[in-house]
Amino acid sequence: MTATLKRVLLGEQGLLVIFVLAFAVVSLTVPNFLSERNILGLLQSVVTIGIVACTMMFCLASRDFDLSVGSIVAFAGMVAVMVSNSTGSIPLGLLAALLAGTLVGLVNGVVIAKLHINALITTLATMQIVRGLALLASDGRAVGINDPTFYSLALSRFLGIPTPVWIMAALFVVFAFVLNRTVFGRNTLAIGGNPEASRLAGVDVDWSRIWIFALQGLVCAVAGILLASRITSGQPNAATGLELSVISACVLGGVSLAGGRASMSGVIVGVMILGIAENVMNLLNIQAFYQYLVRGSILLLAVLLDNLRTRALVRR
Amino acid sequence: MTATLKRVLLGEQGLLVIFVLAFAVVSLTVPNFLSERNILGLLQSVVTIGIVACTMMFCLASRDFDLSVGSIVAFAGMVAVMVSNSTGSIPLGLLAALLAGTLVGLVNGVVIAKLHINALITTLATMQIVRGLALLASDGRAVGINDPTFYSLALSRFLGIPTPVWIMAALFVVFAFVLNRTVFGRNTLAIGGNPEASRLAGVDVDWSRIWIFALQGLVCAVAGILLASRITSGQPNAATGLELSVISACVLGGVSLAGGRASMSGVIVGVMILGIAENVMNLLNIQAFYQYLVRGSILLLAVLLDNLRTRALVRR
Amino acid sequence: MAFLEFSDISKTYPGVKALSSVSFGVRKGSVHGLMGENGAGKSTLIRLLSGDQRADEGEIRIDGNTQAYASTRDAFDAGVVVVHQELQLVPELSVAENLRLGRFPARGGVVGFRALFEEVGRVLKEIGIDVDPRARVSSLSIGERQMIEIAKAVMIDARVLALDEPTSSLSSRESEVLFRLIDRLRQAGKVIIYVSHRLDEIFRLCDGCTVLRDGRLAAHHETMEVVTRDRLVSEMVGREIADIWGWRPRESGAVRLSVQGLHGPRVPEPASFEARAGEILGFFGLVGAGRSELMRLVYGADQPNGGSVALDGAPLALGSPRRSIRAGLVLCPEDRKADGIVQGRSVGENVVIASRRHYSPLGVINPRREASVADRFIEALRIRTPSRRQDIVNLSGGNQQKVILARWLSEPGINVLIVDEPTRGIDVGAKAEIYDILYRLAEQGVAIVVVSSELPEVMGISDRILVMCERRIAAEFKRGEFTEGVLLAAALPDRQTPQTAAQRA
Amino acid sequence: QDVKIGFVVKQPEEPWFQDEWKFAQEAAKEKGFTLVEIGAEDGEKVQSAIDNLGAQGAQGFIICTPDVKLGPGIVAKAAANDLKLMTVDDRLVDNGGQPIEDVPHMGISATKIGEAVGQAIVDEIKKRNWNMAEVGAIKVSYDQLPTAVDRVTGATSVIEKAGFPAANIFNAPQAKTDTEAALNAATTVVNAHPEIKHWIAVGLNDEAVLGAVRATEGVGIPAENVIGVGIGGAESAINEFKKPSPTGFFGTVIISPKRHGYETALNMYEWIANDKEPEKLILTSGQLATRGDYEAVRKELGIQ
Ligand SMILES: Nc1ncnc2c1ncn2[C@@H]1O[C@H](COP(=O)(O)OP(=O)(O)OP(=O)(O)O)[C@@H](O)[C@H]1O
Ligand SMILES: Nc1ncnc2c1ncn2[C@@H]1O[C@H](COP(=O)(O)OP(=O)(O)OP(=O)(O)O)[C@@H](O)[C@H]1O
Ligand SMILES: O[C@@H]1[C@@H](O)[C@@H](O)CO[C@H]1O
Ligand SMILES: [Mg+2]
Ligand SMILES: [Mg+2]
């Protein structure tokens, strides 16, 4: 009995098990938590982090770092709204936003891979430049959406579940596949494990890194579009600080900052832990300043538990 | 002639040379830049970043990371003011602040080194917890200083130069010495360069990491005290985002995030580049949104130049 | 009476029993060989001795006292110094700092650099290592780094010294320096544990030896008097190996690899050579002769400054390993830790990383095929691992080397195979198998270039040998022409003033 | 049925909002309803906050939005969750930039409050008999925040109208909204114009103006040569007035968190419990407080 329990807790899916247990406890103790409305609200609240975490996972797994995600999300949202407004065509607006996001990502990738500039510095720089562009484009003010069908992107539902949640779920599936079952995904992990050895084994390291950043830009643009649609405007100040939340979610989910280790299921759990923490704190009406303490402690506790687990695993 | 030029530009002190050239250009072209008042103002404006960068350099050089510095600065400032007010003794207040900072650093260090929790996550957690404590302690409000002699810490001068600038300079000297000439400094570099080898050689890796974080906390407290004195109150919201500025300054100054490489002169140059950029933008009255673009571009340009330099160096 | 005693030592890793009830003792003032196949448990035993890890069971006694140390530091204090199989140096620090890492000469926490450089300079000179104590380790070649690593151990006045494959990247000349050192230490009454796969070294150095097999004690010899080479081999591998080189004559065909005037940052003089289909071309030289650098230029690992490489007459785009692989030219690198293994990934993943593209349509991988390829090579090269899913960092050094070899052997359609120190750290039995694989590839028409610092190896398997000296190709010998004497003579610089590290920097 | 009301604010760390919450809680205690406090710093957090309130069965909420342009989204989300909606401090606008008049609002226009600052400064300049042509103005700006732009522009427009030369107004853009950032930005301005003897300072809030005042102190300009007027009137300003000798921080325009917190919460309760719809628009006014009269002003506004 205890042996089985131990096996389950300490197995590959241990983090998931801890998470499921925590989820059960929260469901039973926090009033209103397990209502359909709340769960849907919770899912919608993690859409931005969840979507961006997909590619951040690749970025971290290949030993890189991207601080510019928040700015790209805001910038792409602005582009989507402004282009839609000025051309009168929503598809054109979306296309422009996706292109803009990809372009910024591409610039990140090329500078990092080809000019060999530290990823932290490069994306810190583009984070500022892109935020500046977003602010300049709109003179620092939010831009409203003219055509109300734009909102329906976020408001529409399929089988009772909002479209953004479906999109997030679809991206989870796609990127889990890419990570585990494609050469690109395996190469990403190899680069994180040992970039030089990977290069000598014929992996096109530069090209992979450029692709990862470009994808990151594209995915941020998707998040930016959905966000603009949800908040019915393009906001140059949107998503500040997103980078730290996304990176925390990934690290919580077991992605190693030293590269070479990542799993989609882990990242999903990481994203959900952060989302649930926020949700529950608000449901329990915890005072704003205590929320800081709780948020910090949950972060620590989650990694600590996971550490104890893997260390017990080694001792076994 | 060109050979000499090349030697100077590409030598060990290349970054410094680039910096001196840039400084000369700025001095000649930007009105009011080279006035004594402006230079003193500039120096005062980099005191917080400069002081914290001293120990951040150690942290990064040993392959760690500290995101909690901004919160510690704010927290220590609050403690200094509140304890001074309640005991009526400024020395007691300062002592309490230094202790508080060191304590937070110590907790960081112990959790990271002994519980083996990722430094990014740990300090992200303490960053939130400590900020929460600062907010809770004062109910989110600024706390005024009762005894005006507290202000004189920041206002007093020695040989015409404000005390905080002297303190920063003293810390630069001390930490340059510690890094280059002491066992502790060399061990720090060794740990960053090859943690495994250091451990096998009998370097007490855990102990060194704990010390580095504790020192970081202490130094942040110094910065926090000076800041509180400068703004004549303890503010729980002070120094948000400080961590990124300090890390940028270090990386600009050639500290490697992969550990093992650091120099105090580089870090000083990094700090000054950031400070001068801000100062000059304000002197030239550059519009706020363009400042984002300029700030980002300067970051990129500085590392790019340094990279070209070192690459040319290798080809030589 | 044994000075150093292992008694009933057991150690288990997840899925692997690395040592089970190993007991033996070593006398004072003697050199004791530790032998065994890859993964037999040699390095594990050394790690326990170094205080890096603790045994699950059993104890280590020195001079009759049970050692209860819990860290490498305690082991130092007990007079035990270990040179690990993988280099343990800090590249960013100077040679001198590396030599005294953990024990800097210091007063009040301040390092006495003058004393440090002087002391280290003296010691290096005394033991015949020609390197500037102020040079950064990152500017040294692998061989030089290995010498530094050994000097590190010698500098301390230890009672027990353990060397785990210290000569695996040294040529015979540097090895000789080391052997003289060891002789001196033996005379000074130290206990020395010596791990090596090179049998001639064991006979040259050791007073006794112990053989491990699958983590168990297979044989223990107090003296080497009655021990023969064949006996040792069969104790290690469990079977007889008549001739480990097993060279057999072959027809060589057309020129496959043609290198013309190739030069780069660390190969200043243009180098030219050719290798033919079915030929095994050996490259011999002393440490730092420039062989590895030249091969990296050929492969495209480094960007050359000029020259050309042609495969079957078609010019090869330089500077891209990826394109070289696609054109059928591959290199198995010298430094397996830095350039070979992908840490954190499984054994299987490390095998298929390059060749999986052949059966991954549209970039989607084929896990079943990958598993079968990996398993095939794990069996063929007898890689000792609980499964292909094991993280490669958990494998023993020799087994890691085999995985890297498997990576290239699993690549179909290679025309030219360059292997740099291919059998570094590999046991006798596996060596014979690897040579056999090389011959079979050659028979299929592959041109093979073998860089090796082990003189018997180059002589044993090459059809032709090029000797490099001071980063130039200095001489060429055909099979039948070469003897140890002529090869060494060609490898030694004319001027007896070897360049110092300072001049290089 | 139990009444549950949400109170969502954009910057929970700001003392102003702490006060609003505190006074709203007073109303809750009096009337016996539950008040849920949520901080929502950006549009996305606002959306989740509203969902969250819906999920826990609240009937309505009051919000100070991080951006007035979020208006249509907030209205839609509130409707979707069947929640009554009121705004406080900042009024929602539609896509065309026009105020959404259906939503009951209590607040004060940012421009108006800025104008009050400007007027206070102009009056004090006259009182001190300064020659406007020789006075410099430090405009601590934070252009990312629309409210900040409106306040500062409100202030400068009044002083300019009173004859202050536009060329003497110097921009000091702060990188963040804390005192240190304002101090660094203002220091540059002050040092660039050593010839100017008299300074005035405006900014988005008390913290910003305090930074400018500290900058003048840093270069040794005496307090009587500086007139800084802030906005807010919470602790940072009070601390300044409590200092033993006067500083360049002349006054602050206090807005009352009591009315904004207590009355909005009360009105929302009445709306839910007794179906008494609140007035569509209630405008409160800011009131200048100085070292001499701040205690009285605070008492008058019901804050202690
Ligand atoms: N950290 C570890 N985790 C799991 N297994 C390990 C670990 N370290 C070593 N092993 C296993 O223990 C066994 C003994 O390894 P060891 O390194 O002692 O071999 P060795 O005799 O030194 O071989 P070689 O000649 O190849 O260096 C091997 O099967 C190896 O895979
Ligand atoms: N990273 C480096 N920086 C500076 N010099 C280097 C570097 N790597 C190698 N060298 C120098 O280049 C020369 C050639 O080294 P190389 O490794 O090619 O020699 P080798 O013949 O393969 O011998 P071995 O690999 O056994 O040391 C050596 O003198 C070495 O010191
Ligand atoms: O943001 C401001 C806040 O600081 C307070 O002054 C009230 O009004 C809001 O608009
Ligand atoms: Mg071994
Ligand atoms: Mg070599």
Proximity of residues 134-142 of chain D to chain B, residues having a non-hydrogen atom under 4.5 angstrom: none
What part of B/Gln291 gets within 4.5 angstrom of chain D, counting heavy atoms only: side chain, backbone, both, or neither? side chain
At their closest point, which heavy atom of D/Val219 faces which heavy atom of B/Arg37, and how far apart are they? CG2-NH2, 3.5 Å
Kindly determine whether D/Gln18 and B/Leu135 satisfy side chain to side chain contact (heavy atoms under 4.5 Å, CB included), including the steps that lead there. CA-CA 11 Å; D/Gln18 293 295 310; B/Leu135 287 164; over 6 Å; no
Relative to chain D, which of B/Asn146, B/Leu155, B/Asn279 shows the most heavy atom pairs under 4.5 Å? B/Asn279
Residue B/Leu283 versus chain D: region with a heavy atom under 4.5 Å: both
D/Val190 versus chain B, heavy atoms under 4.5 Å apart: side chain, backbone, both or neither? both
Contact origin within D/Ala185 toward chain B - heavy atom pairs under 4.5 Å: both
What's the separation between atom OG1 in D/Thr188 and atom CG in B/Asn285, rounded to the nearest 0.5 Å? 11.0 Å
Under a 4.5 Å heavy-atom cut-off, does chain D meet the side chain of B/Ser138, its backbone, both or neither? neither
Among D/Leu183, D/Asp178, D/Asn171, residue most engaged with chain B (heavy-atom pairs, under 4.5 Å): D/Leu183
CG/B/Asn282 to CG/D/Asn184 distance, rounded to the nearest 0.5 angstrom? 9.0 Å
Pair B/Val47, D/Glu180 - check side chain to side chain contact (heavy atoms under 4.5 Å, CB included), show working. CA-CA 11 Å; B/Val47 163; D/Glu180 189 191 12; over 6 Å; no
Neighbourhood of chain B inside residues 235-244 of chain D, taking heavy atoms under 4.5 Å as contact: D/Glu235, D/Ser236, D/Asn239, D/Glu240, D/Lys243, D/Pro244
Nearest heavy-atom contact between D/Asp143 and B/Ala288 is OD2-CB, 3.9 Å
Please look at B/Val46 and chain D and tell me whether the side chain, the backbone, both or neither of the residue comes under 4.5 angstrom of a heavy atom of that chain. neither
Please name the pair of heavy atoms, one in D/Arg214 and one in B/Arg230, separated by the smallest distance, quoted to 0.1 Å. CD-O, 3.2 Å
Under 4.5 Å from any heavy atom of chain D - which part of B/Phe289: side chain
Report the distance from atom CG of B/Asn237 to atom CD of D/Gln11, rounding to the nearest 0.5 Å. 9.0 Å
Please tell me if the side chains of B/Ile231 and D/Leu210 come closer than 4.5 Å, counting only heavy atoms from C-beta onward. no
Taking side chain as everything from C-beta outward and backbone as N, CA, C, O, which of these in B/Leu227 sits under 4.5 Å from a heavy atom of chain D? Side chain, backbone, both or neither. side chain
Search all heavy atoms of B/Arg157 against all heavy atoms of D/Gly218 and return the closest pair with its distance. NH2-O, 3.5 Å
Consider only side-chain N and O atoms of B/Gln44 and D/Thr187, and report whether a donor and an acceptor are under 3.5 Å apart. no
